[in-house]
Amino acid sequence: MEETIFDKIIAGEIPADIVYQDEKVLAFRDINPQAPVHVLVIPKKKVPDFISLQNNDPVESGEFFNKVAYVASQLNLDKEGYRIVLNCGKHGQQTVEYLHAHILGERQMSWPPG
Ligand code: 5GP
C-alpha cells in the first residue's frame, strides 16, 4: 500500500486539526471543508478503501462505524443530523487511498449527490 497524506497525519509528520483520537481511530477537520462541520474519521490500522472492508475483521469494521457515530455525537450533530460520506474508488471520487468517513454537518444537505 502506498503511503498517503493520512499515513503522514497519523505518524505526526504533518499537522492536522484533531478533534478526537483513541487507540483505534483518528478524527480531524478536513482541510477543504464542504460544510460548517467537516471531519474525517480514519482507522489507525490502515484499510485502503471501503471495498477492502469485506475482507476486514467484522468486529473491527463495526467498531469503526461506532466511533464515527460517537465522534459525530461529540461534535453536537445528533439533534439536527448530519451526513456520512464514504467515497470509494474512481467513480466514488475517492482521492486519498486510506479509508475515511466524512462527517458533514451544520447545514442542510441535498439529494441526489453530485
Ligand atoms: P476523498 O475525496 O478521498 O473522499 O476525501 C479526501 C479528503 O481529504 C478531501 O475532502 C480533502 O479535502 C481532504 N484532505 C486532503 N489532504 C488533506 C490534508 O493534508 N489535511 C486534511 N486535514 N485533509 C486533507
Side-chain angles (χ1 to χ4, degrees):
M1 277 186 271
E2 268 184 37
E3 194 182 41
T4 69
I5 200 91
F6 295 170
D7 292 279
K8 290 182 179 167
I9 287 174
I10 283 194
E13 290 166 16
I14 62 165
D17 185 356
I18 294 170
V19 298
Y20 175 81
Q21 70 171 316
D22 61 22
E23 72 284 1
K24 296 277 177 67
V25 303
L26 182 69
F28 52 95
R29 293 191 192 278
D30 197 292
I31 206 167
N32 182 21
Q34 301 302 311
V37 173
H38 187 172
V39 164
L40 303 171
V41 186
I42 64 175
K44 285 193 173 172
K45 186 173 155 194
K46 187 171 185 178
V47 176
D49 53 25
F50 191 75
I51 295 165
S52 309
L53 274 189
Q54 60 196 300
N55 304 317
N56 210 43
D57 176 347
V59 173
E60 276 182 11
S61 301
E63 281 175 353
F64 176 70
F65 286 106
N66 282 16
K67 290 284 167 59
V68 174
Y70 176 75
V71 171
S73 205
Q74 293 301 299
L75 293 165
N76 296 313
L77 298 175
D78 285 355
K79 186 162 176 278
E80 300 295 336
Y82 51 90
R83 182 165 291 175
I84 301 298
V85 173
L86 286 137
N87 293 327
C88 184
K90 179 170 154 279
H91 278 184
Q93 216 168 14
Q94 180 178 2
T95 59
V96 179
E97 208 178 320
Y98 192 127
L99 179 69
H100 51 283
H102 297 253
I103 301 174
L104 297 148
E106 286 188 6
R107 75 166 166 84
Q108 180 61 55
M109 300 297 156
S110 58
W111 195 262

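In each ligand, atom 1 is the first atom listed, and ligand 1 is the first ligand listed.
Hydrophobic clustering (side-chain heavy atoms under 4.5 Å, transitive across Ile, Leu, Val, Met, Phe, Trp, Tyr) keeps V41 apart from I18. V47 and V85 are not part of a single hydrophobic cluster, where members link through side-chain heavy atoms under 4.5 Å apart. Linking ILVMFWY side-chain heavy atoms closer than 4.5 Å, directly or via other members, places L40 and I84 in two distinct hydrophobic clusters.
Contact residues of ligand 1 (protein heavy atom closer than 4.0 angstrom to a ligand atom; sorted by chain and number): I5, F6, I9, F28, R29, D30, I31, N32, L40, N87, Q93, Q94, T95, V96, H100, H102.
Listed by first and then second residue, the side chain to side chain donor-acceptor pair (under 3.5 Å) pairs that reach into residues 90-112 are H38-H102, sequence neighbours excluded.
Environment of NZ in K44: crowded, with over 12 heavy atoms of neighbouring residues, nucleotides or ligands closer than 6.0 Å.
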From CA spacing to verdict: ring-ring contact (aromatic ring centres under 6.0 Å, His included), F28, Y20: CA-CA 7 Å; F28 52 95; Y20 175 81; over 10 Å; no
